[in-house]
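Report on one structure; see the data block that follows.
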Amino acid sequence: MKRDQALPASFYRRPAEVVAPDLLGRHLVRELANDRLVVKIVETEAYLGSKDPASHAWKGRRTARNEVLFRAGGSIYVYFVYGMHHCCNVVTGNDGEGDAVLIRAAEPIVGEETMRRARRMRHPARPGDVAGGPAKLCQALDIDLALNGVRLGQGGLQIVFGEPPEADSIVRGPRVGVAYAGEAAEWPLRFAIGGNPHVSRPRL
DNA sequence: CGGAAGATCCACT
DNA sequence: GTGGATCTTCCGA
């Protein structure tokens with residue numbers, strides 16, 4: 001079925017603000033040793049590379065941590081924050097630009113039991129407790145720094161066609177947690193599927 | 001070489 | 001609604 005076909009490399013070679021809404025509804029497939037997990041992406045944020053004060057690629061500054069960001073689209077950029085959490089991005093655009101899309105939230109489709117176990121929760125109080133946040137998603141899907149720099153389709157991570165939503169059901173607003181970025185904090189680069197209960201807070 | 005801050009989450013009030 | 005956990009990364013001195 002088309003919905004299980006990998007997105008082509010050309011999909012990622014576009015600006016982050018174009019790829020971010022287009023990733024909504026896509027299925028993220030995680031192959032583990034003993035499990036195959038599938039989630040539907042319901043929330044993303046675009047980071048506009050060297051011209052974005054909120055991006056790790058701001059001013060084109062390269063460090064050991066963000067090197068992967070400057071590749072051409074199609075790689076995974078994972079980083080570690082707050083001493084205990086990971087966040088997962090898809091690198092987009094062309095070589096040297098630094099564009100990326102942060103995967104903020106997803107809805108479990110296959111393997112929710114395994115995800116709950118990875119999250120150490122028996123009964124999620126609410127749907128979004130499983131993968132409804134960037135760090136929750138990484139914990140649920142066992143994504144950590146070992147996947148940094150891996151290309152989609154390798155390392156047990158792939159994104160397939162999935163079930164993209166109607167354009168008019170997509171909502172957008174300011175990004176989360178980037179108050180330090182001045183005017184850029186208000187750029188409406190956060191995208192979500194309107195009304196989906198797995199979208200993180202604050203609700204759009 | 002030190003210190004400050006971070007694309008977060010959870011428990012508690 | 002607030003604060004604590006916990007540690008890597010980066011920049012300035």
Side-chain angles (χ1 to χ4, degrees), chain A residues 12 15-17 19-21 23-24 28 39 41-71 73 75-93 97-108 115-149 157 171-192 197-204:
Chain A
Y12 303 104
E17 70 270 31
V19 176
L23 277 173
L24 296 175
L28 185 59
V39 298
I41 297 169
V42 301
E43 180 184 352
T44 60
E45 278 178 358
Y47 285 83
L48 310 185
S50 56
K51 58 183 182 292
D52 181 357
S55 169
H56 290 172
W58 170 231
K59 288 182 174 172
R61 181 162 197 85
R62 291 182 186 234
T63 65
R65 177 179 66 154
N66 70 11
E67 184 60 34
V68 172
L69 267 182
F70 294 94
R71 294 186 189 170
S75 288
I76 301 296
Y77 170 55
V78 182
Y79 65 91
F80 186 63
V81 279
Y82 297 117
M84 58 185 77
H85 297 306
H86 296 276
C87 291
C88 177
N89 300 253
V90 175
V91 178
T92 74
E97 292 177 341
D99 275 30
V101 175
L102 171 67
I103 311 295
R104 281 196 59 87
E107 172 182 342
M115 297 180 216
R116 285 192 202 173
R117 213 178 310 129
R119 294 265 305 123
R120 291 168 201 168
M121 320 189 68
R122 277 218 206 93
H123 305 293
R126 304 178 328 158
D129 286 347
V130 179
K136 293 177 184 175
L137 178 108
C138 286
Q139 194 176 12
L141 298 182
D142 193 27
I143 292 171
D144 60 21
L145 289 177
L147 278 175
N148 185 43
L157 196 61
V171 294
R172 62 188 295 174
R175 295 174 292 184
V176 178
V178 297
Y180 61 86
E183 176 196 327
E186 295 163 38
W187 296 350
L189 295 175
R190 180 186 181 206
F191 301 88
H198 295 81
V199 172
S200 69
R201 297 197 231 206
R203 280 308 254 295
L204 277 169

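Computed from a predicted structure; not experimentally measured.
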Checklist entry - What are the 5'-most and 3'-most nucleotides of DNA chain C lying under 4.0 Å from any heavy atom of chain A? => result C:dA5 to C:dC11

Next on the checklist: Does the protein touch nucleotides 3-8 of chain B at the base, only the backbone, or not at all? Give it as B, S and - per nucleotide, heavy atoms under 4.0 Å.
Outcome noted: ---BBB

Next on the checklist: Could you check whether any side-chain N or O of A:R172 sits under 3.5 Å from a backbone N or O of A:P188, counting only pairs where one atom can act as donor and the other as acceptor?
Outcome noted: yes

Checklist entry - Would a distance-only check, ignoring hydrogens and angles, find a side-chain to backbone donor-acceptor pair under 3.5 Å from A:E45 to A:V176? => result yes

Next on the checklist: Under a 3.5 Å distance rule, please check whether A:R190 uses its side chain to pair with a backbone N or O of A:E43 as donor and acceptor.
Outcome noted: no

Next on the checklist: Can you check the distance between C:dT6 and B:dG2, where both ends of the measurement are the P atom (answer in whole Å)?
Outcome noted: 22 Å

Item to check | Results of side-chain contact (heavy atoms from CB on, under 4.5 Å) for A:Q139 - residues two or more places apart only | outcome: A:R119

Checklist outcome for this item: Pairing string of DNA chain B (Watson-Crick or G-U wobble, both atom distances under 3.5 Å; | = paired to other strand) is ||||||.|||||.

Next on the checklist: Taking side chain to side chain donor-acceptor pair (under 3.5 Å) as the cut-off, I'd like each qualifying pair that reaches into residues 80-91 of chain A, sequence neighbours left out, listed once.
Outcome noted: none

Checklist entry - Can you check whether A:V171 reaches A:F191 side chain to side chain, under 4.5 Å on heavy atoms? => result no

Checklist entry - So what does A:R119 touch, heavy atoms closer than 4.0 Å: a base, only the sugar-phosphate, or nothing? => result sugar-phosphate

Item to check | Whole-Å P distance, C:dG1 and B:dA7 | outcome: 23 Å

Checklist entry - Any sub-3.5 Å donor-acceptor pair from A:D52's side-chain atoms to A:Y47's backbone N or O? => result no

Checklist entry - Just by distance, do the side chain of A:R116 and the backbone of A:V130 share a donor-acceptor pair under 3.5 Å? => result no

Next on the checklist: So, using side-chain contact (heavy atoms from CB on, under 4.5 Å) as the criterion, who are the partners of A:A118 when residues are at least two apart?
Outcome noted: none

Checklist entry - Any donor and acceptor pair, going by atom type alone, linking the side chain of A:Y180 with main-chain N or O of A:A54 inside 3.5 Å? => result yes

